[in-house]
Structure formats: C-alpha cells, structure tokens
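So the structure is just underneath, and the comments pick up after that.
Order of listing sets the numbers, starting from 1, for every ligand and every atom in it.
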Amino acid sequence: MQTTQDTTAEKSPGSLTGRPVISSTGLFTPEESITNEELVESFNAFVDLHNERNADAIAAGAVEALHHSSVEFIEKASGIKARHVMSKAPIIDPETMCPRLDDRDNDEISIMAEIGVLAARQALERAGRDPKDVDAVLCAASNMQRPYPAMAIEIQEALGIEGFGFDMNVACSSATFGIQTAADYVRAGNAKSVLVVSPEITSGHLNWRDRDSHFIFGDVATAVLVEDAAVAPHQHWDILGTKLKTVFSNNIRNNFGFLNRAHPESAGDADKLFVQEGRKVFKEVVPMVAQMILDEAERLELNPHALRRLWLHQANAGMNRLIAQRVLGHEANEDESPTVLDTYGNTSSAGSIIAFHLSSDDLKKGDTGLICSFGAGYSAGTVFVQKAA
Ligand code: CO8
C-alpha cells in the first residue's frame with residue numbers, strides 16, 4: 001500500500017490540470033426514522049416518569065420538575081418534522097433514550113466506516129470511478145467513534161483504495177472543510193481523485209433528555225468525489241472557489257473527549273453531549289455567514305443574485321430563509337434553496353451535501369450554485385460550483 005501523498009503527480013506528469021471539480025456524490029440514509037409525534041410521545045413519557053419518581057424532591061425544591069416538549073414548538077422553531085437514526089427503539093424508549101449500537105470485533109468493519117463506505121460506493125459508481133484510481137480518503141465528520149486507526153483508513157481499506165486517508169473534524173463544517181482540503185490536493189498536483197466521506201451518527205452525542213435540543217439531529221452518511229478536471233466524468237461540477245472561516249464561540253459545545261466519559265443519565269455530565277445557546281447561535285451565525293458568502297461571491301466576481309441554487313447547511317429553516325434572502329436579494333423558494341431538514345433533521349456536516357445530492361441533477365450547463373455549511377466553532381465553509389455539462 002502506498003503511504004505518501006505525492007505519487008499521483010509523479011505517475012502522470014503534465015497530464016493534470018490542477019483544476020478541482022466535483023465528479024459525483026453519494027448518500028446513505030438509515031432505514032429507520034422518528035417522527036416528531038413519536039419523539040415527543042417518548043420524551044413526555046420520560047418527563048412524567050422523572051416527575052413521578054422525584055415527586056417528593058420536586059415538592060421540597062431539591063429537584064427541578066421537567067416540562068413536556070411539543071410537536072408544534074419543534075416544527076415552528078426549527079422546521080424539522082422527522083429524523084433518520086441508526087438505532088430507533090432505544091432512543092424512543094423513555095427508560096433508555098440513547099442509541100444502543102453493539103460493540104464490534106476489531107476484525108469487523110466499524111459502524112461509521114460501514115455507512116461511509118455505502119455512501120462512497122454510490123459516489124464512485126455514479127462517477128464510473130474504479131476505487132484503484134482514487135488517491136485519498138478524507139473522513140470528515142463532527143464526531144469520530146475512536147481516535148485510531150482513522151476511520152478514513154478503514155474506509156480506504158474496505159473500498160480497496162491505494163494511497164492515504166485521514167480523519168478531520170470541524171463540526172457541522174467538516175464536509176466543506178474536507179472539500180477544500182481535497183481541492184487543495186488537486187490544485188497542488190498531489191492527488192487527482194479524493195473521496196470526502198461524512199458519516200454523521202449524531203444520535204450518539206445528542207442529549208435525547210434535553211427538551212431544548214432533543215429534536216435537532218439525525219443520522220446519515222454522504223460522500224463527495226473531488227477530482228482533477230482532466231480525469232473527471234463529462235457530467236461534473238467545476239469548483240469556482242472555496243473559502244473557510246472559523247471564529248471561536250462557546251455557544252455550541254461538546255466537552256466529551258479522551259480525558260472523560262459521557263454518562264447521559266447523569267445531569268452533571270450533560271456537557272459531555274451536545275449543548276448550545278440556540279438563540280445566540282441563530283443571531284450571530286446568520287449575519288456572519290451571509291456576509292462571508294457575499295464577500296466570497298465578490299472575490300470570485302459572481303453576482304450573488306444570479307446564483308441558481310443554494311445548498312445551505314440544514315440546521316434551522318428560519319436561518320436558511322434569512323441567509324438565502326440576504327444572498328439572493330429576495331425570499332428564496334424551495335427550488336432556489338432546497339430543504340432536507342424536514343425529513344432528515346440537522347445531519348451536521350452532511351446537510352448541505354444531502355441537499356446538493358438530491359437537488360442538483362436538474363440544473364443546466366453553466367448554472368452556478370453554492371454549497372455552504374456553518375456550525376460549531378463557529379465554523380463556516382463556502383464552495384461555489386458551476387455545472388460543466
Ligand atoms: N417543546 C416546547 N417548548 C420548548 C421546547 C420544546 N422541545 N424547547 C424549548 N421550549 C421553550 C423554551 O423553554 C422557551 O420558553 P420561554 O420562552 O418560556 O423561555 C421557548 O420554547 C423558546 O425557546 P428557544 O428560545 O430555545 O427557542 P428558539 O426559537 O430559539 O428555537 C432552536 C430553538 C430551534 C434551537 C433555534 O434557536 C435554532 O435552531 N438555533 C440555531 C441552532 C444551530 O444552528 N445550531 C448549530 C448546531 S450544529 C453544530 O455545529 C454542531 C455539530 C455537532 C453535531 C453533533 C451533535 C449531536
């Protein structure tokens with residue numbers, strides 16, 4: 001197996017353009033899905049159990065009573081109606097309320113790699129690409145199930161890809177940061193074909209007992225094949241420009257790490273799961289991202305009002321409405337800014353890629369669009385693309 005990253009350019013000197021394109025995408029959607037009604041029924045049963053079991057302590061003021069969630073609130077505040085998950089039954093069991101994914105032997109493929117491979121295979125098939133011709137795999141996601149060996153190397157092995165792979169984590173912006181990294185390998189001539197795989201099992205770090213956030217996330221895996229234009233299939237998307245940005249914020253946080261462990265049952269350990277100040281995130285991220293898109297459009301000499309479609313990060317329908325309006329100069333319709341949030345929930349870094357995967361085939365040669373992510377860090381990434389054929 002090759003372990004260096006500069007073999008491609010050496011193999012085919014002079015034949016590459018150094019111009020990165022998106023050749024194809026792939027998507028894996030878990031079969032199981034939880035509707036808001038099912039979620040709220042289970043959450044409210046948990047609240048009733050908690051309040052019943054702690055009735056005396058609540059009456060004495062030692063324990064706080066919990067409050068019911070509501071389908072109406074969830075849909076109005078976020079636009080989410082359902083989410084796919086890898087392990088439904090334990091999540092909606094009021095006595096468990098977290099996924100239960102069996103440990104696997106070291107000689108079995110890990111679950112993150114497994115769903116990553118399913119998305120990646122689809123991307124490879126759609127591009128007609130033999131895995132042997134891929135040079136690198138980046139596993140870009142907001143949570144990794146172990147530190148090493150890298151999930152990317154496991155995916156590489158399962159697909160029979162020679163070359164190299166590594167994991168990267170930039171929360172909800174992992175996929176766009178992965179696309180720019182892959183594009184930079186192509187620009188530098190270090191690779192001609194790079195898979196960016198984003199398996200997002202967000203259900204593992206969501207606090208299903210927290211009324212403020214229990215409805216937000218869902219599981220999925222996406223893959224993006226970034227290649228040199230010289231080897232890309234006829235049907236591809238030219239990458240016109242990529243831009244990344246990070247600004248430190250404590251408003252979205254997860255303190256889980258190798259120095260501690262998460263115990264969802266213990267209130268004291270709730271910060272080892274996803275926590276956020278949703279209102280602040282909303283207020284601060286919308287202007288930051290809208291301005292970043294406008295600045296990047298100006299740098300690339302693109303008229304933002306003429307963008308044919310925005311594939312925005314899928315965190316909140318209201319955020320996307322405001323960002324799209326600022327960018328396009330008018331209220332965007334579903335065709336201009338497609339939503340997958342309603343059925344997938346927030347799938348972290350995969351959201352904008354799912355939207356692109358499901359709603360891009362109908363665009364015409366020359367149409368320009370924007371893949372954009374934003375989330376914890378804060379982090380944000382833009383990838384302006386143009387349909388080549
Ligand atoms: N049911 C009923 N009422 C509720 C509920 C509920 N479930 N939850 C809260 N309420 C109540 C509150 O108590 C509050 O009541 P009051 O007014 O009396 O105080 C009222 O409803 C309003 O609450 P909020 O102010 O919290 O409601 P918002 O309108 O702000 O909506 C949202 C909450 C939906 C969270 C919204 O603020 C939002 O979407 N913000 C942006 C979030 C965002 O984009 N976050 C990015 C996260 S993604 C990321 O980068 C993380 C990556 C890691 C992923 C993997 C982890 C699993």
Ion pair R146/E154, N-O distance below 4.0 Å:
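Yes, this pair counts.
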
Pairing residues for D362 by the salt bridge (charged side-chain N to carboxylate O under 4.0 Å, His left out) criterion, not counting sequence neighbours:
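Counting only residues at least two positions away or on another chain, D362 forms a salt bridge (charged side-chain N to carboxylate O under 4.0 Å, His left out) with R309.
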
For ligand 1 and [X], I'd like to know whether there is a polar contact (N/O to N/O, distance under 3.5 Å).
{"X": "S69", "answer": "yes"}
{"X": "A315", "answer": "no"}
{"X": "H205", "answer": "no"}
{"X": "N346", "answer": "no"}

Residue, atom name and distance, where the atom is the protein heavy atom closest to [atom]:
{"atom": "atom 21 (O) of ligand 1", "answer": "F73 CE1, 3.1 Å"}
{"atom": "atom 9 (C) of ligand 1", "answer": "D212 OD1, 3.2 Å"}
{"atom": "atom 31 (O) of ligand 1", "answer": "A77 CB, 3.6 Å"}
{"atom": "atom 30 (O) of ligand 1", "answer": "R279 NE, 3.0 Å"}
{"atom": "atom 35 (C) of ligand 1", "answer": "Q276 NE2, 3.4 Å"}
{"atom": "atom 55 (C) of ligand 1", "answer": "N143 ND2, 3.6 Å"}
{"atom": "atom 38 (C) of ligand 1", "answer": "N316 ND2, 3.4 Å"}
{"atom": "atom 49 (C) of ligand 1", "answer": "C172 SG, 2.7 Å"}

Between R83 and N346, is there a side-chain donor-acceptor contact under 3.5 Å, judged purely by atom types and distance?
no

Can you tell me if Y344 and Q314 form a side-chain donor-acceptor pair at under 3.5 Å?
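Distance-only check fails for Y344 and Q314.
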
Quick one: does atom 40 (N) of ligand 1 have a protein heavy atom under 4.0 Å from it?
yes

Check ligand 1 against G278 and write out every atom of the ligand that is under 4.0 Å from a heavy-atom position of the residue.
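It comes down to these atoms of ligand 1: 37 (O), 40 (N), 41 (C).
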
Other residues, nucleotides, ligands: >12 heavy atoms within 6.0 Å of [X] [atom1]:
{"X": "K81", "atom1": "NZ", "value": "no"}
{"X": "H67", "atom1": "NE2", "value": "no"}
{"X": "K387", "atom1": "NZ", "value": "yes"}

Sidechain-backbone polar pair: N316 side chain, M319 backbone, donor-acceptor under 3.5 Å
yes

Out of H67, R211, H68, indicate the one that has the non-hydrogen atom closest to atom 11 (C) of ligand 1.
R211

Shared hydrophobic cluster for F46 and I74 (ILVMFWY, side-chain gaps under 4.5 Å):
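Yes, one cluster joins them.
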
